[in-house]
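Data block below; observations after.
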Protein chains: 2
Amino acid sequence: MSSSYVTLEQVAQHAGVSLATASRVINGSTRQVSQRLSEKVNASAEELGYLANASAQTLARNSSSLVGLLVHDIADPYFSSIARGVTRYTEEQGLVTVLGTTYRSAQKESTILAALRAHRAKAVVLVGSRSTDEESNARLVREIEAFQQQGGRVACVSQPGLPADTVSPDNHTGAAELARHLIALGHRRFAILAGPTNLSTARERLDGFHSALSAAGLELEHHNIVHGDFTRDGGFESTQRLMRLGTDATCLFAVNDVMATGAMAALRESGIGVPEELSVAGFDDIPTLRDLAPALTTVRLPLEQMGERAAQMALESDHEGEDRTVNVQGEVLMRESTGKPSTR
Amino acid sequence: MSSSYVTLEQVAQHAGVSLATASRVINGSTRQVSQRLSEKVNASAEELGYLANASAQTLARNSSSLVGLLVHDIADPYFSSIARGVTRYTEEQGLVTVLGTTYRSAQKESTILAALRAHRAKAVVLVGSRSTDEESNARLVREIEAFQQQGGRVACVSQPGLPADTVSPDNHTGAAELARHLIALGHRRFAILAGPTNLSTARERLDGFHSALSAAGLELEHHNIVHGDFTRDGGFESTQRLMRLGTDATCLFAVNDVMATGAMAALRESGIGVPEELSVAGFDDIPTLRDLAPALTTVRLPLEQMGERAAQMALESDHEGEDRTVNVQGEVLMRESTGKPSTR
DNA sequence: GGACTGTGGGAAAACTCTTTCCCAGGCTAG
DNA sequence: CTAGCCTGGGAAAGAGTTTTCCCACAGTCC
């Protein structure tokens with residue numbers, strides 16, 4: 001039952017032309033085809049409702065119009081914002097976006113990358129910081145290289161250190177700048193809601209914050225550091241733990257907005273006033289979370305543009321050679337969730 | 001330069017077996033292959049790192065492992081929640097998800113559906129209520145039918161009335177139930193932040209709310225209805241407009257949480273206390289927005305499950321015949337953003 | 001006028017897989 | 001002992017494009 005499909009051969013026949021000529025017209029090849037025949041072919045294609053079989057094209061060209069997009073969790077607004085940027089670019093280019101969600105599993109990541117390879121995807125955009133686990137990292141590098149060897153291009157967002165183009169926020173500087181703002185407000189004792197230690201993004205933000213404190217001669221005490229998993233609930237629980245342990249901090253820095261949201265919820269539940277009793281700051285400036293009350297002090301990242309830029313880098317065909325790195329600076333936004341330290 | 005790829009023929013040669021036999025082993029066809037040869041082929045495939053060319057398979061089988069997912073905006077948490085459910089199912093099934101974002105443009109929708117058709121996608125999940133515009137609706141129906149005729153399956157979320165399986169929230173009942181709760185709280189004068197009138201979801205929620213009011217003998221006055229576009233900023237602006245016009249309502253129902261968020265922001269800016277001066281309710285129970293303060297009264301929809309269910313329906317091969325409709329009931333969640341009406 | 005150039009167009013190979021058809025050889029049954 | 005059957009395995013025919021190679025023909029130059 002191949003009846004339902006119109007093939008190029010049928011178009012050619014209908015136009016009274018050879019298959020090759022029809023293909024040349026449709027693809028606008030370098031070879032000239034007379035105006036007369038061109039029009040005839042196009043008219044026939046239109047009339048018959050011709051739609052090229054993408055798999056046949058891929059097979060013949062050894063390259064498809066698919067672009068992979070790997071995120072950890074599409075429901076996380078951090079990733080969905082970036083995804084929006086990526087799709088904006090790919091769709092503008094007439095390409096098809098393949099969405100793969102990994103939930104931070106190297107296993108799933110491999111599976112999806114293999115599928116993209118099997119489909120001869122043109123490019124893939126990897127989003128989200130990598131585990132620093134040596135072994136799985138090495139495996140990812142091998143897979144990326146296999147992909148590239150097949151003519152695919154790779155770009156990463158927030159995932160430095162891979163053999164590919166990279167768009168990376170300057171987490172260190174952003175966190176440090178935020179710290180300086182908070183110090184300027186008068187804070188001296190900080191608590192930090194850090195992320196998973198094996199993720200570079202989490203580490204960089206922690207380090208940046210820490211180094212700014214050190215530079216100001218301030219300590220970040222060990223009992224004032226708790227770790228979350230970048231989720232809202234993780235932030236909630238870690239904050240509760242922090243409260244239970246009894247912190248003396250006047251300001252809490254959560255290394256991403258999503259955890260900061262959980263932190264604010266935990267504080268509200270404990271009846272701790274933000275910012276009167278405790279200032280809270282986040283990182284990312286997630287659009288969906290801009291309406292929290294009090295409005296969250298944070299470091300804005302242009303997430304959507306980052307995704308768009310990464311897609312663009314992955315698909316720019318003219319570029320060869322060295323991997324490029326685009327560094328994105330965050331902008332500190334002091335809003336309502338931070339204030340002068342309480343004098344308790 | 002076909003050098004980089006390992007073909008099945010190479011595997012067959014390496015195993016000292018014919019191409020057909022190798023294919024039978026790899027695909028586990030009905031035809032038996034002796035244990036000895038089976039093992040040999042598998043070993044060769046493993047050793048050579050064989051990865052089947054997906055486009056060749058698609059071409060030969062006339063069906064790919066691609067599943068389309070069409071949403072209006074992936075950064076909108078409503079859609080990203082549903083997308084999560086869809087990908088959960090497709091990835092579990094070893095399928096590849098193609099993400100298309102339409103931004104409510106029938107044009108883009110067509111483009112993406114055509115691409116999916118060209119790729120011989122196995123199924124497509126359409127998310128988000130349709131415009132009621134007759135013409136573009138008819139076009140969509142034609143495209144869906146073309147897709148189905150090629151052996152593709154279609155399922156919709158929140159998009160009733162199409163010739164496909166559908167998962168649909170019972171917007172009417174949900175809104176009506178919410179209205180009854182609000183009436184029970186003592187409210188008599190309502191304002192409503194409605195959605196685009198041409199979207200069925202928006203209309204159903206408006207109608208449901210309205211009919212519950214009518215049933216209680218209450219009027220919904222014309223000047224108390226404003227329309228937004230389902231976005232946060234739309235909700236913000238419409239609420240400002242409502243305020244400027246001077247409403248006498250004691251309760252504002254925004255037909256989705258995202259607009260409700262904008263409404264709360266506008267009210268906060270105007271210094272209007274929620275819920276003391278004005279109660280606010282939304283619809284959807286968007287996970288990311290659960291931490292708004294005051295916590296938003298809303299109607300919970302199991303968005304993720306809805307997506308999962310739709311994907312499942314689209315991919316269940318055993319089902320033939322009548323289109324099925326799954327109705328999802330929302331659950332009214334009375335939280336902090338609503339209270340007894342102020343007595344002004 | 002013949003050789004040469006350039007241009008339009010067609011035949012066919014290539015891309016990699018699936019699947020049908022057929023054959024050879026070992027059984028069983030009569 | 002032979003006819004018929006079953007089973008494993010191979011050859012080959014697609015599936016729908018792209019692209020290379022070649023041919024025919026018209027025009028140009030000596």
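No experiment lies behind these values; they were computed from the predicted model shown. Only heavy atoms go into these numbers, but all of them, side chains included; no hydrogens, no water, no symmetry mates.
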At less than 4.0 Å, is any side-chain N or O atom of B/Tyr50 found next to OP1 or OP2 of C/dC17? Yes or no.
yes
Please report the distance, rounded to the nearest Å, between CG in B/Leu51 and C1' in C/dC17.
13 Å
So B/Leu199 and B/Arg104, side chain to side chain contact (heavy atoms under 4.5 Å, CB included) or not? Walk me through it.
CA-CA 10 Å; B/Leu199 297 188; B/Arg104 296 196 197 289; 3.3 Å; yes
Apply side chain to side chain contact (heavy atoms under 4.5 Å, CB included) to residues B/Arg153 and B/Asp165 and explain how you reach the verdict.
CA-CA 9 Å; B/Arg153 313 251 314 148; B/Asp165 290 336; 3.4 Å; yes
Flag for B/Ser158-B/Tyr78: side-chain donor and acceptor within less than 3.5 Å
yes
Please work out which residues in residues 12-27 of chain A have a non-hydrogen atom less than 4.0 Å from an atom of DNA chain D and list them by number.
A/Leu19, A/Ala20, A/Ser23, A/Arg24, A/Asn27
Between D/dG14 atom C1' and B/Arg61 atom CZ, what is the distance in whole Å?
15 Å
State whether B/Gln57 places a side-chain N or O below 4.0 Å from either non-bridging phosphate oxygen (OP1 or OP2) of C/dT16.
no
Using whole Å, what does the distance between atom P of nucleotide D/dT18 and atom CG of A/Leu8 come to?
6 Å
Please say whether more than 12 non-hydrogen atoms of neighbouring residues, nucleotides or ligands are located less than 6.0 Å from CD in B/Glu9.
no
Applying side chain to side chain contact (heavy atoms under 4.5 Å, CB included) between A/Met306 and each of A/Val127, A/Val326, A/Val167, report the one that passes.
A/Val167
Whole-Å gap separating P (D/dG16) and NE2 (B/His119):
16 Å
Please state how far atom CG in A/Asn53 lies from atom P in C/dC17, giving the value in whole angstrom units.
16 Å
With a 4.0 Å cutoff (strictly under), does any side-chain N or O of A/Ser55 reach OP1 or OP2 of D/dG16?
no
Just verifying a value: how many Å separate A/Leu140 CG and A/Glu143 CD, rounded to the nearest 0.5 Å?
6.5 Å
Which whole-number value in Å describes the distance from B/Gln10 CD to C/dT16 P?
8 Å
Send over the distance from A/Asn62 CG to D/dT19 C1', rounded to a whole Å.
14 Å
How does DNA chain D look in dot-bracket form if you count Watson-Crick and G-U pairs under 3.5 Å, write [ ] for pairs that cross, and put | where a base pairs with another strand?
||||||||||||||||||||||||||||||
Any side-chain donor-acceptor pair under 3.5 Å between B/Glu39 and B/Gln35?
yes
If I take atom CD in residue A/Gln35 and atom P in nucleotide C/dG9, what distance separates them, rounded to the nearest angstrom?
12 Å
Test B/Thr102 against every option in B/His72, B/Glu109, B/Gln107, B/Lys108 by the side chain to side chain donor-acceptor pair (under 3.5 Å) rule and name the one that passes.
B/His72
On DNA chain C, check which nucleotide each of A/Leu59 and A/Arg36 is closest to and give me the residue with the more 5' one.
A/Arg36
Taking atom types as modelled and ignoring hydrogens, do the side chains of B/Arg120 and A/Ser55 form a donor-acceptor contact shorter than 3.5 angstrom?
no
